[in-house]
Amino acid sequence: MKLRDIEHPTEKIDEIEYSEQSSKKLIAVPFAILGVALAVLLVTYLLTGAPVGLGFEFTGGVNIQTQTAVPAEQIEQEFSGIDGVPEPSNVRSISGGAIVSFQPLTNNEMSNLRDFRDANYADASVESVSPSHGTSLLYQSMGAIAFAFVLMTVVIFAFFRTFVPSLGIILSATSDMLVPIGVMTLLGIDVSLGTIPAILLIIGYSIDSDILLTRNTLSGRRKQFYGNVRNAMKTGVTMTTTSMAAMAVMAISAHFFSIFILRNIGIILFFGLGMDLINTYMMNVAILRWYVLDRRGMR
Amino acid sequence: MNYRRLAKDWRIWLLLVVLVFALVGLAPLGGAEGLTALSFGLELEGGTLVQISPVGTTVDATGFGADNVTAVEQNVAENVEVPVRVSRGGGIGAQQATDTAQVEFRGNVSEDGAVSAVEEAGYTSEGVTDGVTTSTLNDLSDSIQLRLEDRLGAGAGLSVSVQSNLLTGEDFIVVEVPGERSQDGRVVEIIRTQGEFDIRVVTNASNDTQEQVVTGDSINRGSVSQPLQDQGNEELYTVQFELDEDGSVAFGEAMRDSGATQNPEAHPPVMYFNNEEVFRGPLNPSLAGSIEEGTWGGGGLSVTGLNNSEAQIISVALRSGALATPVEVVSSTTISARQGDRFKQYSLLIAFLSVFGVGATIYFRYRDLRIAIPTVVTGVAEVVALLGFSAVFNFNVDLAYVAGLIAVIGTGVDDLIIIADEVQESGGVESADVYRKRLKRALIVIGMAATTTIGAMLPLAYLGLGRISGFAIVTIVGVLIGVLVTRPAYGSVLRELITDRGD
């Protein structure tokens with residue numbers, strides 16, 4: 001039953017008669033969503049000093065994931081009373097255990113905490129990152145994203161050698177990357193090291209439907225513009241919804257198994273791909289229509 | 001379906017060859033544990049990973065005039081609180097035509113502080129970097145390896161490696177200890193805390209009463225030699241080391257007071273590492289004589305007449321008494337074997353569910369098993385090829401890898417959909433020519449998308465951001481296998497299925 005639901009967007013978007021839609025309307029929706037996402041990031045920035053919540057890998061700190069049926073309240077109590085260790089900054093319940101977080105600890109505090117873990121929660125995982133290393137990882141991650149963005153821009157311009165359609169693709173990919181970050185902020189999921197590759201992969205994932213659409217409309221006959229769009233869309237929507245199905249399955253099952261790196265990658269790619277549907281078949285179609293038809297004085 | 005034409009198609013053969021290689025690579029040959037030759041990373045196997053950063057500052061300096069290395073070390077060390085080491089190209093102490101050397105501050109000194117310490121000593125600074133020299137880094141790495149092997153056993157499967165970040169220039173020592181031990185916390189403690197080395201002397205031979213002479217603190221850092229083979233007898237080894245000034249005085253006094261200088265055989269010095277005896281042997285008569293007469297100048301000592309393994313142990317014990325520089329634990333991760341095992345099963349299940357989700361979506365879209373089945377089979381072939389590649393090149397499978405694998409299945413199926421749609425476009429395909437044209441068009445789009453994906457992933461793979469670089473590498477390799485091997489083969493299979501249909 002669920003899988004049928006996933007197919008719905010295909011049918012709905014298929015019904016859009018593009019020749020009747022004004023470009024303004026087509027472009028307004030994706031920009032409105034992007035605007036909301038940017039507003040979320042801006043508000044978060046004003047409130048917390050960072051546009052997104054950062055995971056402990058970037059801020060520094062200690063995370064312990066327990067693997068027991070012990071209720072979170074009891075875990076909080078036990079971890080609050082360890083000799084020579086400050087109280088945890090946060091304890092939250094997850095399926096099959098709990099996550100206990102600490103602010104960065106000194107070597108001795110860390111050693112006490114490890115002793116406690118060895119004695120009482122030997123199945124728990126312990127991860128610790130020093131604040132300076134976290135900052136370094138954050139800058140490297142930002143560098144990786146910036147570098148990837150530049151590489152993508154170069155590749156796209158090299159392939160199409162036309163300014164406006166290439167710009168459209170890059171605009172779409174940028175929006176595809178920003179919107180899921182906004183969604184994560186709304187859901188209260190921190191950006192962690194594990195989410196960086198997902199953000200980068202949105203570039204690779206979202207670009208193929210854009211490329212398909214742009215190539216079909218630019219190389220096809222002008223008279224058949226809408227037909228070309230329809231063909232590209234039939235394929236592109238199938239592709240994107242298939243990937244979204246895979247990512248939804250991954251995110252939901254990983255959530256129940258408490259494997260958060262897989263869950264977060266799934267969430268980011270799911271929303272990134274969803275945004276890509278909107279960007280590609282509304283914004284990019286409008287841009288390409290202007291470029292292929294209006295610009296040359298034909299409608 | 002024209003099997004004969006398919007059998008002549010190089011694309012099919014390429015895919016088969018790749019798959020055979022992958023399966024051979026995956027086969028648990030040569031004593032590999034488990035069902036396959038795949039090796040799993042920390043997150044799925046359990047174990048401890050510690051990333052350590054040496055604390056130090058290095059100044060490239062010049063203008064030494066007639067000062068030799070020792071003089072430079074002393075002159076600079078007067079201006080700071082931490083030990084100073086000077087190394088010149090061509091070996092320590094070598095008088096070089098080029099008057100430059102690296103002045104290394106082994107401890108927490110700011111870059112400005114290091115430069116001014118060099119300049120106050122009357123030398124010229126040519127540049128300063130945060131961190132220690134490569135040789136110190138390798139030395140640290142060796143010491144940590146020895147220290148851990150001594151405490152955990154050489155069979156613990158631990159690995160110690162030096163990793164440099166290409167972007168920031170930071171150097172790290174990365175320690176990985178797989179599997180679970182009774183106290184995981186020990187690994188970090190062993191690295192952080194020094195082993196306890198001390199030398200004692202037997203004061204009363206009849207009941208083996210001993211007295212402490214010096215501790216590891218008195219051994220000069222960096223003076224301990226590797227086991228040295230004796231020139232006369234190749235089965236015997238020597239280890240040399242130096243005591244500092246106070247240590248030498250204490251050693252001399254203890255030898256005289258205990259009677260070791262009069263009767264070396266009855267009062268041998270005994271070496272302990274972490275309170276375990278590692279060596280016991282009498283003073284050499286000539287050394288005993290010179291200590292007795294007060295002519296021993298102190299400093300260098302050698303432990304002789306050892307077999308190879310004894311020499312290794314003593315060298316370990318003497319060296320791991322202290323690390324060359326202080327170290328900072330920048331990150332540490334411990335995963336219990338039980339959690340690793342759970343995650344292994346779960347991530348396999350998640351990957352399986354995701355593939356199932358993809359297959360189901362494809363079926364609902366086309367309602368045609370002739371497309372759905374080859375698509376899923378090709379997707380599985382890509383996974384097998386990728387796993388085989390990972391087994392052959394010893395990639396560790398971890399969670400980021402699994403995520404990358406699922407992502408590769410996703411992009412792979414996307415591309416198969418492009419191929420299927422392009423070649424089916426506007427009805428049937430009568431001639432192979434039309435088919436080839438359409439396939440080519442599809443492959444161009446796929447090639448563009450693949451190039452972009454690889455471009456996006458390259459920075460991550462290049463930077464090696466710890467655990468997540470696995471994701472980038474898997475994605476890149478997966479995309480390459482897909483574009484070069486599996487997708488062209490899929491096109492060929494589809495051609496036979498579609499051109500035969502005659503609609």
### Query
Which region of B/I446, side chain (C-beta onward) or backbone (N, CA, C, O), has a non-hydrogen atom less than 4.5 Å from a non-hydrogen atom of chain A, or is it both or neither?
neither

### Task
Using non-hydrogen atoms and a 4.5 Å limit, figure out which bit of A/S209 sits close to chain B: side chain, backbone, both or neither.
neither

### Query
Is the closest side-chain heavy-atom distance between A/H133 and B/S53 below 4.5 Å?
no

### Query
Please, which pairs that meet ring pair (Phe, Tyr, Trp, His ring centres under 6.0 Å) have at least one residue in residues 253-273 of chain A, sequence neighbours excluded?
A/F257-B/Y346

### Query
Going by heavy atoms in the side chains, are B/L458 and A/F147 under 4.5 Å from each other?
no

### Part of A/L212 lying under 4.5 Å from any heavy atom of chain B
both

### Task
Would you indicate whether the side-chain heavy atoms of A/S243 and B/D414 approach each other to under 4.5 Å?
yes

### Task
Examine whether an atom of A/I261 lies under 4.5 Å from a heavy atom of chain B, and if so say whether it belongs to the side chain, the backbone or both; otherwise answer neither.
side chain

### Query
With chain A, which of B/D415, B/I444, B/T475 has the greatest number of heavy-atom pairs at distances under 4.5 Å?
B/I444

### Message
Does any backbone or side-chain atom of A/N63 lie under 4.5 Å from a heavy atom of chain B? Answer side chain, backbone, both or neither.
### Response
neither

### Message
Need one label for B/S332: side chain, backbone, both or neither, based on atoms under 4.5 Å from any heavy atom in chain A.
### Response
both

### Query
In terms of heavy-atom proximity below 4.5 Å to chain A, should B/A456 be classed as side chain, backbone, both, or neither?
both

### Task
Please flag which part of B/V358 lies under 4.5 Å from any non-hydrogen atom of chain A: side chain, backbone, both or neither.
both

### Query
Given a strict heavy-atom distance threshold of 4.5 Å, which part of B/M457 is in contact with chain A: side chain, backbone, both, or neither?
side chain

### Task
Using a 4.5 Å cut-off on heavy atoms from C-beta on, say whether the side chain of B/R365 contacts that of A/M239.
no

### Query
Can you find a pair of side-chain heavy atoms, one from B/M448 and one from A/I207, that are under 4.5 Å apart?
no

#### Entry: Sub-4.5 Å side-chain heavy-atom contact between B/Q339 and A/S258
no

#### Entry: 4.5 Å side-chain heavy-atom contact, A/I211 and B/T452
yes

### Task
Would you mind checking which part of A/L200 comes under 4.5 Å of any heavy atom in chain B, side chain (CB onward), backbone (N, CA, C, O), both or neither?
both

### Query
Tell me, do B/F471 and A/I265 make a side-chain contact under 4.5 Å, heavy atoms counted?
yes

